[in-house]
Amino acid sequence: MHDPRRRMRERQAKKLSEVSKANFMHNSTLHQYNQVRNQAKLEMCRELDKMPIGRIQLTKVFRRSTRLTQDEIEEETFRRNISSCCLFFRIRNWEFQYMKEPDVMLKYSIALAWVIYMGLLTIQLLSKDARYHYWYIDGTTIILLTMLLIVSWYKKLWIMYMSDADVSSPNGNLSGFFFRMSDEMQRNVVIRVVMYFLIIFSYCAVAIMQVVGCSSDEDYADLEPSYDERVQCFHPWILTNCMTLVIGMSFLFTRIPFIIKSCFSALIMIGYAVLVVSEFNYIYANSPSTNVNFNAKYSHILLMIITFGIFHLMERQTEFIAKVDYNWKRQLIKKQEDALITNDTIKVLLTNILPTHVADFYLSNQLQNELYYEEYDNVAVMFASIKNFDTDKIGLRVLNEIICDFDDVLNKYSQSLRVEKIKVANWTYMAACGLDVSRSEQVNAPQMKFRNVSLMPNGRRSRYDGARSSDADGVQRVPYGNGSNIALDLDLERGQYEGNVITSGPRISTTQNGSSSNEVVRVMAEFALDLMRTMRRFNTENMQTEYEGSTDYGMLRIGISHGRAMAGVVGISKPHYDIWGNPVNMASRMDSTGVPGQIQVTENTALKLREFNIQCNYRGMTFVKGRGNIPTYIIGTDSEYQFLPHRPPAATKED
Ligand SMILES: Nc1ncnc2c1ncn2[C@@H]1O[C@H](COP(=O)(O)OP(=O)(O)OP(=O)(O)O)[C@@H](O)[C@H]1O
């Protein structure tokens, strides 16, 4: 219970968790996220304030400040973008783009137009002088409006009741035609404007039909009939009410240019006023009015003017809000594009620093206040040192060229079993194979997202209980040791090597099946041979064959080992993905004690390579610091740096 080792682990885990709180990614992404969120909130408030029907700010009324606030400056800037009379965007292209925006409210406008038309008709039919002889005009208008109503609603109704997940538009000819028409109606401003004129003209026609055939003042000049006799033909207030409805209707359609609506309704109003004062002056002047001192004909005109004024003002507001909205949308799209570019740049940068799966993990924002690390049952690690090259003598340019060539080779190993470059330290190139989280998913547990990635709050990991654990979230993890303490993990690993021989065989992988798990060793060896060929080519091309009498000049000395390892990103700044564990130490030792132009491997690794029919020749007992004398092997290659086949067991090792 009071195990000092355990207490030490807990202390170290706590320390590590505190460090992980300051994790570089976590801090910066959260900070960025909060900034974006606050900015969005601020902009929302600003836009609301700018709106003509925005929240009322009493403080603004009483404030006597001569200096403009930031909001006011922005509002001014926006107003400067829009003409004050016609509410057009000053930038013509913006106006065209705005007009091209689909009118999603069109079907509602047409439905309302249909209802209002029915209202108009009812008013006419209920009047005592109903005129049925123009029924064909009414009938045509009803048919036209009903057709428009059906077409405009067709798309919405089809999507709501007929479509299924796979089909996005109807297959039938007629149905497809209606669907396309419905869509086109919403999108095409020309169709919308034509339709608008058609509807308003039919309205005007239906309203004006009431006076067609009625005698004007001129006709009655000699007869001088009474008001009641004249009213037999049409009732002035019914016509005025119909005309106010027509004016209301002409402002109803949202995505028709504001100026068209205003001018058209003004024309209707003027035309009607002319009719009132010139054609049927007597009837209008003598029509009933609530104000006896006010000429009744002006009451008719006034009602028209008031109706026009109210609708015009309302429409200005609506248009202004729609334009603010559109302007905001444009800005948002631009910001989104900028954000996408920034994101892509970050992604490119990050994938250059970290392995793709780790970069994806960071970018997916799954990491919150956690230390990122992975544990693998079987990773092959390679250290490749360029012999006798020295930056002082050769220069950094040569090193850069060689490393670029190596990186090119790396691209060939980016398929199913990736080889991951870990780092370049001095003249040593370090790489690993098997650091592939998705691969483990495929092999064992497709339902697990990052099965080998251990993430627990504050960087702590589950303790090893000798069996797979399944968390409450359903994500199984393969715990091993106390992950918060890397040093302790390494201690556990060291137990695998006791003196010269392997005392405990390689742990049976709990995550990958045997042969596919060992593939990492073969791929790593193939990669190592590829590097050797590349290095030889480089030396030949650059005639770097000898330097100060050394024969191994520019040769690669490679060490490979494999086994359980941990990988992760630690530290607050300058993130670096690194791996730790026994195979890393051993691969480094195999390199440092190796032979130029050869690949030295541990016994364990040699056994695995032989399973793939790759020759591994016993080199002898090699002294490895911290391990003592251990048996090491050299991979058998021909002069072209190709693998030699495995020889019969008797010939491979002399006991
Ligand atoms: N992540 C790593 N990146 C680079 N080299 C590593 C890494 N992990 C271990 N090594 C190298 O592996 C070798 C063996 O490591 P180990 O911890 O066994 O030895 P050490 O006693 O600290 O070594 P040394 O005395 O050489 O510093 C060391 O030379 C070390 O630099």
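Order of listing sets the numbers, starting from 1, for every ligand and every atom in it.
- Looking at ligand 1, you won't find any N or O of M430 less than 3.5 Å from one of its N or O atoms.
- Within the 4.0 Å heavy-atom shell around ligand 1 one finds K423.
- Taking a cut-off of under 4.0 Å to the non-hydrogen atoms of K625, the atoms of ligand 1 that pass are 21 (O), 24 (P), 25 (O).
- Salt bridge annotation for D338-K334: present, with a cationic side-chain nitrogen under 4.0 angstrom from a carboxylate oxygen.
- The D578 neighbourhood of ligand 1 comprises atoms 1 (N), with distances under 4.0 Å to a heavy atom of that residue.
- Among S588, P583, G559, the residue whose heavy atom sits closest to atom 28 (C) of ligand 1 is S588.
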If you look only at distance, which donor and acceptor atoms sit under 3.5 Å apart when one is on a side chain in residues 395-402 and the other is two or more places apart or in another chain?
none

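- Compare D591, N582, N585 by their heavy atoms: the one nearest to atom 17 (O) of ligand 1 is in N585.
- Atoms CE and CZ, from M555 and R536 in turn, are 8.5 Å apart once rounded to the nearest 0.5 Å.
- Here E101 contributes atom CD and K329 contributes atom NZ; the two are 3.5 Å apart, rounded to the nearest 0.5 Å.
- Under 4.0 angstrom from ligand 1, there are no non-hydrogen atoms of I422.
- A donor-acceptor pair is defined here as one N or O able to donate and one able to accept, closer than 3.5 Å; no such pair exists between the side chain of S588 and the backbone of V584.
- Take D578 and apply the salt bridge (Lys or Arg N to Asp or Glu O under 4.0 Å) test, not counting sequence neighbours, and it matches K423.
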